[in-house]
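Positions are given from 1 along the sequence.
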Amino acid sequence: MNSELYRKLLAERYGPLDRLEAERYPLTINRAEPVTGTSEEQWRRQVRDIATRYGWRLQYHTADSRRSDPGWPDEVFGHLRQRRTLFVEFKTDTGRIRPAQREWLAHLADSGFEVAVWRPRDLPTVLQVLGPARQRATLPANFRRPPS
């Protein structure tokens, strides 16, 4: 998909892009639809690239989670101008959330943070949260909270 068509589709869906924002964060995403068969790491890198293009300058990812306490989300994004912090767990379309991850995600959401579990099929939601629509990230409707 060429970038002009992609900008037009974004403007139709989210309203007109601010000219300065559009120049500062040009979009060159190759597809607007989810990619099936994407690994969790490929998906994480794709979203990280989208976040960078929309001004999410603060990004943290634990490089080797085997040496960390279990359950911490895969990525933390910060947008300085919007004063937003976003915790994201990435999964493939068939990946499962482990109990420790479920506990951390529920705790962060209950504490008022923006928390999401994103799969490749969630690309439209990712664009709404990270992009000019500034939709608040939430856990999926079918998210099962851990027992108390």
Side-chain angles (χ1 to χ4, degrees), residues 1-98 100-102 104-141 143:
M1 177 179 293
N2 70 38
S3 63
E4 194 60 41
L5 176 59
Y6 192 73
R7 281 182 189 281
K8 183 179 177 190
L9 291 172
L10 277 178
E12 287 174 6
R13 177 174 272 188
Y14 305 117
L17 290 175
D18 176 47
R19 186 181 66 76
L20 183 60
E21 183 177 54
E23 288 174 5
R24 188 168 179 194
Y25 306 114
L27 295 175
T28 56
I29 300 168
N30 295 334
R31 331 176 154 236
E33 66 277 347
V35 180
T36 57
T38 302
S39 74
E40 187 176 303
E41 180 61 18
Q42 290 169 324
W43 173 229
R44 185 189 70 77
R45 287 178 188 215
Q46 181 181 1
V47 172
R48 191 175 177 121
D49 183 51
I50 293 168
T52 299
R53 293 169 190 274
Y54 279 121
W56 294 81
R57 288 191 4 222
L58 301 176
Q59 300 178 6
Y60 173 79
H61 171 71
T62 301
D64 186 358
S65 61
R66 294 173 297 178
R67 293 183 165 193
S68 301
D69 293 332
W72 187 251
D74 291 322
E75 195 91 25
V76 180
F77 295 106
H79 197 294
L80 296 171
R81 219 169 359 135
Q82 295 177 23
R83 296 184 179 181
R84 290 173 65 193
T85 302
L86 174 61
F87 295 85
V88 181
E89 182 63 38
F90 293 101
K91 293 293 178 189
T92 62
D93 282 330
T94 58
R96 293 183 160 194
I97 301 171
R98 294 187 313 269
Q101 291 172 325
R102 191 172 301 284
W104 265 113
L105 294 170
H107 170 71
L108 290 166
D110 293 345
S111 297
F113 289 101
E114 289 186 65
V115 183
V117 177
W118 283 341
R119 301 171 187 276
R121 66 178 176 241
D122 298 324
L123 181 57
T125 301
V126 170
L127 292 171
Q128 288 180 324
V129 171
L130 297 177
R134 298 181 183 178
Q135 175 180 312
R136 185 171 172 81
T138 59
L139 289 172
F143 182 82

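In this structure, the separation between CG on Leu80 and CZ on Arg57 is 5.0 Å, given to the nearest 0.5 Å. The CD atom of Gln128 sits 14.5 Å away from the CZ atom of Arg134 when rounded to the nearest 0.5 Å. Rounded to the nearest 0.5 Å, atoms NE2 (His61) and CD (Glu41) are 5.5 Å apart. Interatomic distance, Arg67 CZ to Thr62 OG1, rounded to the nearest 0.5 Å: 13.0 Å. To the nearest 0.5 angstrom, Leu139 atom CG is 8.0 Å from Ile97 atom CD1. With rounding to the nearest 0.5 Å, the separation of CZ in Phe77 from CZ in Arg48 is 6.5 Å.
In this structure, Phe90 and Pro73 have side chains that are not in contact, with every pair of non-hydrogen atoms separated by 4.5 Å or more.
With sequence neighbours left out, the salt bridge (charged side-chain N to carboxylate O under 4.0 Å, His left out) criterion links Arg96 to no other residue. For Arg98, there are no salt bridge (charged side-chain N to carboxylate O under 4.0 Å, His left out) partners two or more places apart in sequence or in a different chain. Contacts of Glu40 classified as side chain to side chain donor-acceptor pair (under 3.5 Å), with partners at least two apart in sequence or in another chain: none. For Asp69, the salt bridge (charged side-chain N to carboxylate O under 4.0 Å, His left out) criterion is met by no residue, not counting sequence neighbours. For Arg84, the side chain to side chain donor-acceptor pair (under 3.5 Å) partners at least two apart in sequence or on another chain are Gln82, Glu114. Phe143 is linked by a ring-ring contact (aromatic ring centres under 6.0 Å, His included) to nothing, counting only residues two or more places apart in sequence or in another chain. Residues passing the side chain to side chain donor-acceptor pair (under 3.5 Å) test with Arg83, sequence neighbours excluded: none. For the side chain to side chain donor-acceptor pair (under 3.5 Å) test, residues two or more places apart in sequence or in another chain that qualify with Ser39 are Gln42. With sequence neighbours left out, Thr94 forms a side chain to side chain contact (heavy atoms under 4.5 Å, CB included) with Thr92. Not counting sequence neighbours, Thr138 has no partner by the side chain to side chain contact (heavy atoms under 4.5 Å, CB included) test. Legend: residues meeting ring-ring contact (aromatic ring centres under 6.0 Å, His included) with Trp118, ordered by chain and number and at least two apart, are absent. Listed by chain and number, the residues in a salt bridge (charged side-chain N to carboxylate O under 4.0 Å, His left out) with Arg102 amount to none (sequence neighbours excluded).
Although no hydrogens or angles enter the test, the distance criterion places a donor-acceptor pair under 3.5 Å between the side chain of His79 and the main chain of Tyr54. In this structure, the side chain of Arg121 engages the main chain of Asp93 through a donor-acceptor pair within 3.5 Å. A distance-only check finds a donor-acceptor pair linking the side chain of Asp122 to the backbone of Arg119 [under 3.5 Å].
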Side chain to side chain contact (heavy atoms under 4.5 Å, CB included) evaluation trace for Gln135 with Thr125: CA-CA 8 Å; Gln135 175 180 312; Thr125 301; 4.1 Å; yes
Test side chain to side chain contact (heavy atoms under 4.5 Å, CB included) applied to Thr85 and Leu58, step by step: CA-CA 9 Å; Thr85 302; Leu58 301 176; over 6 Å; no
Can you check side chain to side chain contact (heavy atoms under 4.5 Å, CB included) on Leu105 and Val117, steps first, answer last? CA-CA 9 Å; Leu105 294 170; Val117 177; 3.7 Å; yes
Take Val126 and Trp43 through the side chain to side chain contact (heavy atoms under 4.5 Å, CB included) test and state the conclusion after the steps. CA-CA 11 Å; Val126 170; Trp43 173 229; 3.9 Å; yes
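When the shell of 6.0 Å around CZ of Arg136 is examined, it contains more than 12 heavy atoms from other residues, nucleotides or ligands.
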